[in-house]
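Reading through the structure tokens given below for one structure.
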Amino acid sequence: MKMADNNTKLENLNEVSLMLNDLAVYLDRHPSDEQAAGWFETYHVTREEMLKELEKEIWK
């Protein structure tokens, strides 16, 4: 895998991580928002999958 591809994947991971942080702050203030909780769960699963993929490709 090329370094540029790895950098893109790391940038995407950072974007998902920032989204999770924003959702966590929002949910602290609006704990009954089920739609936001669903988004948080979706992004959490996505982030975990991205981390596993990067571990295989970058940190062998």
Side-chain angles (χ1 to χ4, degrees):
M1 175 164 284
K2 296 179 183 178
M3 183 59 93
D5 291 338
N6 289 341
N7 287 339
T8 300
K9 289 184 179 190
L10 288 172
E11 288 172 8
N12 291 341
L13 177 63
N14 284 336
E15 289 176 9
V16 169
S17 297
L18 287 171
M19 180 62 73
L20 276 171
N21 288 340
D22 289 346
L23 284 167
V25 170
Y26 177 82
L27 286 167
D28 280 344
R29 296 181 186 151
H30 305 90
S32 62
D33 188 333
E34 293 180 16
Q35 185 176 23
W39 291 337
F40 183 89
E41 182 61 29
T42 298
Y43 282 109
H44 177 72
V45 170
T46 300
R47 184 177 184 276
E48 292 300 314
E49 291 171 354
M50 293 170 84
L51 282 170
K52 286 179 186 177
E53 183 178 335
L54 283 169
E55 286 174 2
K56 289 179 186 176
E57 295 177 10
I58 296 175
W59 299 292
K60 295 179 183 180

Any chance you could lay out the side chain to side chain contact (heavy atoms under 4.5 Å, CB included) test for Asn21 and Val25, step after step, and finish with the verdict? CA-CA 6 Å; Asn21 288 340; Val25 170; 5.8 Å; no
Tell me, do Val45 and Glu41 make a side-chain contact under 4.5 Å, heavy atoms counted?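 In short, these two side chains touch, coming nearer than 4.5 Å.
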Specify the closest pair of heavy atoms between [X] and [Y], including all atoms of both residues, with the distance to one decimal.
{"X": "Val16", "Y": "Met50", "result": "CG2-SD, 3.8 Å"}
{"X": "Tyr43", "Y": "Leu23", "result": "CD1-CD1, 3.8 Å"}
{"X": "Leu27", "Y": "Ala36", "result": "CD2-CB, 3.7 Å"}

Nearest 0.5 Å, what's the CD-CZ distance between Glu49 and Arg47?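 So the CD of Glu49 and the CZ of Arg47 are separated by 12.5 Å.
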From CG (Leu13) to OG1 (Thr8), nearest 0.5 Å: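 Answer for the CG-OG1 pair, Leu13 versus Thr8, is 12.5 Å.
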Do Leu18 and Leu51 belong together in a cluster built from hydrophobic side chains that touch within less than 4.5 Å?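 In one cluster with Leu18: Leu51, no.
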